[in-house]
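What follows is one structure encoded as C-alpha cells, with my remarks underneath.
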Amino acid sequence: MTLAGQVFAVQAVLLVVLIVVGLALAVLEVRHEQDAATRDRVTGIAVAVAQAPSTVAAVGSPDPTALLQPETERIRLRTGVDFIVVMAPDRTRYTHTEVDRIGKPFTGTIDRALAGETFTETYSGTLGPSIRAVTPVYDGDRIVALVSAGLTRARIGDQVWRQVPLFLVVAGAGLLLALLSAALLRRRLLRQTQGLAPAQLRTLYEHHDAVLHSVHEGLVVFDAGHDEAAVVNDEARRLLELPEGPVRRVDLPISLRRSDRAVVRDEMHVTTERVLVVNQDVVQWSGRPLGTVLTVRDHTELRDMMGELDSMRGLADSLRAQAHESANRLHTVITLVELGSYREAVEFATAELRLSQALIDRLTGAVREPALVALLLGKVDQALERGVELTVGTDTALNSAAPLTAPEIVTLVGNLVDNALDAVDRTADGWVEVTVRHEAGDLLIRVADSGAGMSEEAFARAMERGYSTKTDHQGLGLALVRRLVARYDGVLRAERAPESAVVVRIPRTSEDSA
C-alpha cells in the first residue's frame with residue numbers, strides 16, 4: 001500500500017474510533033444530565049405535594065386514600081412522573097399508581113425523611129429501578145406522613161434514546177467531513193510522494209544518501225520556484241567554495257547564477273581556483289517541471305594540460321608553417337639559380353635569413369626562458385598566416401619567469417596573444433605587440449593590439465566563464481588568465497589608451513628576486 005493509502009486507512013480507523021467513543025461519551029453525558037434533571041424534577045413534585053394544605057387535611061381525615069388518590073394521579077399525569085406515593089410514617093401507602101398496592105408497605109428508604117430531610121435515591125421498587133425523592137409532611141412541628149415521587153430508569157432511558165438519532169446524524173456528518181478531508185490529504189500525499197510505498201521511499205532515500213556521499217561530482221538541486229537549494233553534496237561545496245548551511249543561488253559563482261531554468265551541456269566555468277565542467281538538466285514529472293539538477297566536475301588539471309597542449313600545438317603549427325614557407329623560399333632560390341640569377345638568389349635567401357635570425361638572436365639574448373621564446377617565435381609566424389603583424393617590444397627582457405613556472409607563463413602569454421589576435425583578425429593593418437619584462441621588482445606582461453579594446457564592463461564579463469565576443473569560442477582565455485593571476489595575488493587590467501592593451505603585473509617574492 002502506498003504511503004498515502006496507509007495514512008488514509010489509519011486516519012479513517014482513528015476517526016471512526018474517535019466518533020464512536022465521542023458518541024458514547026455524549027450519550028453518557030446526556031444520561032447523567034437527565035438523571036440530575038430527574039432528581040430536581042421529582043424533588044420539586046414531592047415537596048409541592050407535601051406542602052399542599054390539602055395533603056395535610058387529607059392525611060388527618062378518616063379516609064386519606066379517597067381524598068389523595070385522585071389528586072395525586074392528576075398531578076402524576078400532568079407532570080409525567082411514574083408514581084406519586086403518599087404514605088403513613090409506618091410505610092402504609094395511601095396512594096399508588098397501581099391501586100392494588102394501596103394499603104401495602106412502601107419499599108424504599110424513609111429513615112432520613114422521618115428525620116426531617118428531603119432526599120433522592122435510585123431504588124428498584126415495585127415498578128422497577130427508579131429515581132425517587134422522599135420528603136416529610138408536617139402538621140405543625142409533627143411529621144404526619146411522607147411523600148415519594150419518582151421516575152423509572154426505563155422512562156429516563158427512553159428520553160435519552162430519543163436524542164440518539166440526532167447524535168447519529170451529527171456524528172455521521174462529522175465522519176463524512178473527516179473522511180473527505182482524509183481523502184483530500186491522501187490525494188495530496190499521493191502527488192507529493194509520487195505514489196510510492198514507505199519501503200520504496202526508504203529505499204529511495206538510502207540510495208539517494210549513498211549516491212550523495214559516494215559520487216565524485218558536485219551536485220546541486222533546486223526545486224522549481226525556490227531560490228534555496230534542496231540538495232547540496234559535499235563535493236559541490238568543495239568545488240564551488242560554498243558556505244555551510246543553506247545555499248541560495250546567489251551563493252553560487254557569478255557565472256552559474258544565470259543558469260536558472262536552462263539546459264547546460266559540458267559548459268566550462270572558471271572559479272578563482274578551478275576550471276569546472278558544468279551540466280544542468282530540468283527535471284520533469286508528468287510534463288510538470290520539478291526543478292533543476294546541476295552537476296559540476298573538476299577539470300582544473302586537465303584544462304591546464306590542455307592549455308599547455310594547445311600552446312605546443314600552436315608552436316608545432318607555426319613550425320609546420322615555417323617549414324612550408326622555407327620550402328617555398330628554397331624552391332624560389334633553386335629556380336633563380338637555374339635561371340642563372342645567382343646574385344638575386346643569394347640576396348633573396350640571405351634577406352629572409354637575416355630577419356628571422358635577428359628576431360631569434362634578440363629573443364634568446366633577452367629572454368632566458370626557452371619555452372617563452374619558442375612560444376613567441378611560433379606566435380609571430382601564426383600571426384603572419386592570419387595577416388597580422390606581431391612584434392615583440394624592444395624593452396622585452398626576462399632573466400627568469402619566477403614566480404611563474406614555464407608552463408604557467410606559456411599559458412598566460414599564449415592566451416593573451418590569442419585573444420589579441422582574435423581581436424584584430426581580418427582587420428586592415430592589424431598588429432599585436434607583446435612586452436615581457438621586470439618592472440619595480442614585479443613581472444610585467446603587456447599585450448597591446450590595434451583593436452578597439454573592451455570597456456570595464458565587457459572586460460569584467462570576459463574574465464568570467466563563458467563570455468566571448470566570438471561565437472565559435474568558449475571564452476575561457478581571460479578567465480584562465482584571471483585564475484592564474486589571482487593565484488599569485490597579481491593584478492589584471494585592461495587599457496584603452498593610448499592603445500588597446502591587457503596588462504598583467506605579478507609581484508615577485510624575496511626568494512624569487514634572490
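One-based numbering along the sequence shown.
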Show me the donor-acceptor pairs within less than 3.5 Å that the side chains of residues 48-70 make with the rest of the protein, sequence neighbours left out.
unit_1: T55; atom_1: OG1; unit_2: V49; atom_2: O; d: 2.6
unit_1: S61; atom_1: OG; unit_2: A58; atom_2: O; d: 2.6
unit_1: T65; atom_1: OG1; unit_2: Y94; atom_2: O; d: 2.9
unit_1: Q69; atom_1: OE1; unit_2: H96; atom_2: N; d: 3.1
unit_1: Q69; atom_1: NE2; unit_2: H96; atom_2: O; d: 2.9

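Judged as a salt bridge (Lys or Arg N to Asp or Glu O under 4.0 Å), the pairs with a partner in residues 77-92 (not counting sequence neighbours) are, in order, D82-R155. Listed by first and then second residue, the salt bridge (Lys or Arg N to Asp or Glu O under 4.0 Å) pairs involving residues 123-140 are D139-R142 (not counting sequence neighbours).
Checked by atom type and distance alone, the side chain of R297 never pairs as donor or acceptor with a backbone atom of V278 at under 3.5 Å. Using a distance-only test at 3.5 Å, with no hydrogens or angles considered, a donor-acceptor pair links the side chain of R93 to the main chain of R101. A donor-acceptor pair under 3.5 Å links the side-chain atoms of N233 to the main chain of E217, judged by distance alone. At least one donor-acceptor pair closer than 3.5 Å links the side chain of T95 to the backbone N or O of V86.
With rounding to the nearest 0.5 Å, the separation of OG1 in T92 from CD1 in I102 is 12.0 Å. Going from atom CZ of F106 over to atom OH of Y123 covers 8.0 Å, rounded to the nearest 0.5 Å. Taking CG from L294 and CG from N279, the interatomic distance works out to 8.5 Å, rounded to the nearest 0.5 Å. Of the inter-residue distances, the one linking Q280 atom CD with F222 atom CZ reads 8.5 Å to the nearest 0.5 angstrom. Atom OG1 of T38 is separated from atom CD of Q34 by 6.0 Å, given to the nearest 0.5 angstrom.
Not counting sequence neighbours, T79 has no partner by the side-chain hydrogen bond (donor to acceptor under 3.5 Å, both in side chains) test. The salt bridge (Lys or Arg N to Asp or Glu O under 4.0 Å) search around R39 returns none, not counting sequence neighbours. Partners of E228 by side-chain hydrogen bond (donor to acceptor under 3.5 Å, both in side chains), not counting sequence neighbours: none found. With sequence neighbours excluded, the residues that form a salt bridge (Lys or Arg N to Asp or Glu O under 4.0 Å) with R112 are E117. Applying the side chain to side chain contact (heavy atoms under 4.5 Å, CB included) rule to D489 yields no partners; only residues at least two apart in sequence or on another chain are considered. Listed by chain and residue number, nothing satisfies the salt bridge (Lys or Arg N to Asp or Glu O under 4.0 Å) test with D40 (two or more places apart in sequence, or in another chain). Listed by chain and number, the residues in a side-chain hydrogen bond (donor to acceptor under 3.5 Å, both in side chains) with D227 are R248 (sequence neighbours excluded). Residues satisfying the side chain to side chain contact (heavy atoms under 4.5 Å, CB included) criterion with V17, sequence neighbours excluded, are V13, V21. Qualifying side-chain hydrogen bond (donor to acceptor under 3.5 Å, both in side chains) partners for R238, counting only residues two or more places apart in sequence or in other chains: E235.
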